[in-house]
Amino acid sequence: MEAAAPVSHTSYPFPPDRAGTQTPEELSEVPERVLLILGAQEAPLGPPTNGGVPASAALRASIERVLRHARAPSADPAPRIIHIRHCGEPGDADAPGADGWAFVPALAPLAEEYVVDKRAPSAFAGTQLARLVPRQAEIIVVGVQTDFCVRATCAAALARGNEVFLIRGAHGTYDRREYACVENSGKIGRLGARVTPAEMVVREVEEELEDKGAVVLEMWDVPALFADRDR
C-alpha cells in the first residue's frame, strides 16, 4: 500500500518537512556526509515504564553525543543533519499531535536542519528523503527502532549505493515477543510468549546489515567519524 504523504504540524518553528521547500541554492549543495536521526521522539525514547525502549536514557545520551559531534564547528565536512519523525496511526503513542510524537527536547532539530515525516518503516518510502541524500554521500544512522525503521532505512540506503555507518549504542529497540499458537477443538489459542531481549535483537540486525555492506562502528569511533579524514 502506498505510504501517506508527510504530515504537517504548525506548532514547530521550522518547516515540518523541509525536503520539499529548499531553494535552488540549497538543492545545489551536495553533502558528502549525512546524519540520519530516526524516531528521536518521546514515545520510544521516554521512560520504559511509560512505553519507551529498554535503556532509553542511555540511548538518548548516546544519540545526543553523536548529534553534538555532528553539530560541532570542527565537523569537516559539516554533515547534513536530517531528523526522521515517525507518524503513527490515530490512537498510537506517536500519532501526529500526540505527546509521544514530539521530539525529545535535547534532540530537537535546529532551524537549519531538516525534518522528514514518514509512515513506512523505511525513511525513503513515501517521502522526499532521496532529494536530500545524494547517492554518493555516506550516511550515519542512529535512532529507533533497530528491527524496523533502522533496518529498513539502512537497507534502502545500501540498495541505492550509499555507504552506511550504523553506530552501536546509538540505536535500539524493544524486546521481541513471539507467541506460539495451538489449535484445540477448532479454536486457536495462544501460548506464552518467548522473549528475545532488545540487545540480542540489536545484534541480530547489526549482523544482518553488516552482511549487506553496512559498517557498524562503536561510540568511541564517533569523534573521528565527523573529522576531516584527509588530514
Checklist line | OG1 on Thr153 to NZ on Lys118, rounded to 0.5 Å | finding: 6.0 Å
Notebook entry, point to check: Do you know the tightest heavy-atom contact between Val116 and Ile82?
Noted result: CG2-CG2, 4.0 Å
Check: Could you give the distance from CD (Glu206) to CD (Glu210), rounded to the nearest 0.5 Å?
Finding: 7.0 Å
Next item on the list: List the atom of Arg119, the atom of Cys87, and the distance in Å for their closest heavy-atom pair.
Entry: NH1-O, 3.3 Å
Checklist line | By ring-ring contact (aromatic ring centres under 6.0 Å, His included) - contacts of His83 (at least two apart) | finding: Phe103
Note to self: Side-chain heavy atoms nearer than 4.5 Å, only ILVMFWY residues, links allowed to pass through others: does that put Val150 and Tyr174 together?
What the structure shows: no
Item checked: Closest non-hydrogen atom pair, Ile63 against Ala170 -> CG1-O, 3.6 Å
Note to self: Does anything in residues 141-152 form a salt bridge (Lys or Arg N to Asp or Glu O under 4.0 Å)? List the pairs, not counting sequence neighbours.
What the structure shows: Arg151-Glu208
Check: Taking atom CG of Asp117 and atom CD of Gln128, what is their separation to the nearest 0.5 Å?
Finding: 11.5 Å
Report, one line per pair, each donor and acceptor closer than 3.5 Å where one atom sits in a side chain of residues 215-227; sequence neighbours left out.
residue	atom	partner	partner atom	Å
Glu218	OE2	Arg168	NH1	2.5
Asp221	OD2	Glu218	N	2.9

Notebook entry, point to check: Same cluster or not: are Leu67 and Val34 linked, directly or through other Ile, Leu, Val, Met, Phe, Trp or Tyr residues, by side-chain heavy atoms under 4.5 angstrom apart?
Noted result: no
Margin query: Once salt bridge (Lys or Arg N to Asp or Glu O under 4.0 Å) is applied, do any residues pair with Arg33, and if so which ones, sequence neighbours excluded?
Written below: Glu138
Notebook entry, point to check: Hey, does the side chain of Arg80 reach the backbone of Leu132 with a donor-acceptor pair shorter than 3.5 angstrom?
Noted result: yes
Next item on the list: Please identify each residue that fulfils side chain to side chain contact (heavy atoms under 4.5 Å, CB included) with Arg160, with sequence neighbours left out.
Entry: Phe124, Ala130, Val133, Arg135, Asn162
Margin query: Are Ile81 and Ile139 connected into the same hydrophobic cluster when the rule is that any two of I, L, V, M, F, W, Y join if their side-chain heavy atoms are below 4.5 Å apart?
Written below: no
Next item on the list: Any pair with a residue in residues 91-110 that passes salt bridge (Lys or Arg N to Asp or Glu O under 4.0 Å), sequence neighbours left out, goes on the list, sorted by first then second residue, please.
Entry: none
Checklist line | CD1-NE2 distance between Ile84 and His86, expressed to the nearest 0.5 angstrom | finding: 12.0 Å
Margin query: Taking Ile37 as the starting point, is it possible to reach Val115 by hopping between hydrophobic residues whose side chains are less than 4.5 Å apart?
Written below: no
Margin query: By the salt bridge (Lys or Arg N to Asp or Glu O under 4.0 Å) test, which pairs, at least two apart or in different chains, include something from residues 49-62?
Written below: none
Item checked: CG on Leu107 to CZ on Arg68, rounded to 0.5 Å -> 10.5 Å
Check: Taking the side chain from Thr196 and the backbone from Val201, do they hold a donor-acceptor pair closer than 3.5 Å?
Finding: no
Margin query: Could you work out, with salt bridge (Lys or Arg N to Asp or Glu O under 4.0 Å) as the rule, every residue matching Arg71, not counting sequence neighbours?
Written below: Glu113
Item checked: Nearest heavy-atom neighbours spanning Cys154 and Val164 -> SG-CG1, 3.8 Å
Next item on the list: Hey, could you give me each pair passing ring pair (Phe, Tyr, Trp, His ring centres under 6.0 Å) that has a residue in residues 42-61? Not counting sequence neighbours.
Entry: none
Check: What residues form a side-chain hydrogen bond (donor to acceptor under 3.5 Å, both in side chains) with Thr146, not counting sequence neighbours?
Finding: His171
Side-chain donor-acceptor distances from residues 47-59 under 3.5 Å, at least two apart:
residue	atom	partner	partner atom	Å
Ser56	OG	Gly46	O	2.7

Note to self: Tell me the closest heavy-atom pair linking Ala40 and Leu45, and the distance in Å.
What the structure shows: CA-CD1, 3.6 Å
Item checked: Contacts of Glu32 that satisfy side chain to side chain contact (heavy atoms under 4.5 Å, CB included) - sequence neighbours left out -> Pro77
Item checked: Same apolar cluster: Leu35 and Leu38, side chain cutoff 4.5 Å -> no
Next item on the list: Determine the minimum heavy-atom distance between Ser122 and Ala152, stating which atoms define it.
Entry: N-CB, 3.6 Å
